[in-house]
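Predicted model, so just to flag it, every value in this text is computed and none were measured.
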Amino acid sequence: QDWAQKSGPVATPTPPDPSMQFFLDETSAVGGFPQGSLFVHHGDWECWFVFLSGSFGFWERKLNEGTFREGNDGARVAQLSTDTGLEDVIQGGGADKLEARVEDFLRCNPKPDLLVIRSYCVPNIIGDDVEKVLERLRRKHGFAVATATARNHEITILKSCITQAFSSPRFLQAVPDPKKVNLLGFPSGRLRAEMAGLLATMGIEVGQCLLPGWNYSGLEKLPESGLQILSPRADYADVFVELSKGQGLK
């Protein structure tokens, strides 16, 4: 304070942008990490370090490659990195390396519900056709897919998956059960358990409980319940607008 008084006013630090809620930042996550998904970091090790946090932190990143791990929102498939470097920039082949990395994982592990590829600066600058790789993998293995960049937070991925799920045969062919409801946006744990117990006394079964944790197959199963019960949390408003577009959802 003495130094500040002598040297003049000190600039006030700019608060963090609330929209920058990165996928693995479990302290600010709204949607949460999609359960049962494979998350591939297409870039170099340094970028992966910058954006990792929580239970997939820097010291554990190599340990968790290709393994299942419990997080705040359930079981998830550990992440992979293509570790794109100088040789890839000079010789090209970054997209081929990305596809090979995913295929290597799938040969030894269960197929995920969802594949997310997050591209960092290097593959973006050298022009890797990530979308083409993603589409080829989707057609071959049959899982849902999504892309992200360093500035795509979790809600962007969730909205993309909602759009895909709402056009899937499972969603469109579902028959609603009038005695079943879904709880969307309510915290897990005792609060949600008490709500489910209260509903059970009225003969109402709880089907899907999505957000903050979610999975792609859960989005496809939403119309199997006759009613969607939404939480009053304001930060889910954009997501609920997307959900309202679902054919037949009440």
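- A heavy-atom distance below 4.5 Å is not found between the side chains of K97 and H42.
- You'll find the side chain of L222 reaches within 4.5 Å of the side chain of L249, heavy atoms only.
- Put simply, the side chain of Y236 does not reach to within 4.5 Å of the side chain of L184, judged on heavy atoms.
- Between the side chain of D177 and the backbone N or O of K179, at least one donor-acceptor pair lies under 3.5 Å.
- In summary, the side chains of S81 and D83 do not present any donor paired with an acceptor at a separation below 3.5 Å, with no hydrogens or angles considered.
- Here the closest non-hydrogen pair linking F171 and G246 is CZ-CA, 4.1 Å.
- Not one N or O on the side chain of E205 forms a donor-acceptor pair closer than 3.5 Å with the backbone of V181.
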Considering only distance and modelled atom types, tabulate donor-acceptor pairs under 3.5 Å from the side chains of residues 238-245, sequence neighbours left out.
| unit_1 | atom_1 | unit_2 | atom_2 | d |
| --- | --- | --- | --- | --- |
| E242 | OE2 | K245 | NZ | 3.3 |
| S244 | OG | V241 | O | 2.5 |

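- How far CZ of R118 is from CD1 of I157: 8.0 Å, rounded to the nearest 0.5 Å.
- At least one side-chain heavy atom of L106 sits under 4.5 Å from a side-chain heavy atom of F143.
- Annotation for C161 and A146: closest pair SG-CB, 4.5 Å, computed over non-hydrogen atoms.
- Nearest heavy-atom pair, P110 versus F105, reported as atom, atom and distance to 0.1 Å: O-CE2, 4.2 Å.
- Residue Q228 holds its CD atom at 9.5 Å from CD of Q208, rounded to the nearest 0.5 Å.
- Between I162 and L219 the shortest heavy-atom distance is N-CD1, 4.0 Å.
- Put simply, the side chain of K180 does not reach to within 4.5 Å of the side chain of I204, judged on heavy atoms.
- Summarising the geometry of G207 relative to S225, their closest heavy-atom pair is CA-OG, 4.1 Å, with the distance given to 0.1 Å.
- In plain terms, the two heavy atoms of P123 and G43 that are nearest each other are CD-CA, 4.2 Å.
- The shortest distance between side-chain heavy atoms of S37 and D113 does not fall below 4.5 Å.
- A heavy-atom distance below 4.5 Å is not found between the side chains of L38 and V116.
- With L137 as the fixed residue, the side chain to side chain contact (heavy atoms under 4.5 Å, CB included) test singles out one of L98, V102, V40: V102.
- Between the R101 side chain and the L80 main chain, no donor and acceptor come within less than 3.5 Å of each other.
- Under the 4.5 Å side-chain heavy-atom criterion for Ile, Leu, Val, Met, Phe, Trp and Tyr, I117 and V145 are members of the same hydrophobic cluster.
- Atom CD of Q247 is surrounded by 12 or fewer heavy atoms from other residues, nucleotides or ligands within 6.0 Å.
- Annotation: side chain of F186 is not in contact with side chain of C209 (no heavy-atom distance under 4.5 Å).
- At distances below 3.5 Å, at least one donor-acceptor pair connects side-chain atoms of T163 with backbone N or O atoms of K159.
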Show your reasoning for whether side chain to side chain contact (heavy atoms under 4.5 Å, CB included) applies to F166 and E220. CA-CA 7 Å; F166 284 4; E220 292 184 308; over 6 Å; no

For L158 and L211: C-alpha separation, side-chain torsions, deciding distance, then whether side chain to side chain contact (heavy atoms under 4.5 Å, CB included) applies. CA-CA 10 Å; L158 177 54; L211 303 176; 3.6 Å; yes

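- K140 pairs in a salt bridge (Lys or Arg N to Asp or Glu O under 4.0 Å) with only one of the listed residues (E103, E135, E99), which is E103.
- Between the NZ atom in K250 and the CG atom in N182 there is a gap of 13.0 Å [rounded to 0.5 Å].
- In the hydrophobic clustering of this structure, L191 does not group with L183; members are Ile, Leu, Val, Met, Phe, Trp, Tyr whose side-chain heavy atoms approach within less than 4.5 Å, directly or through other members.
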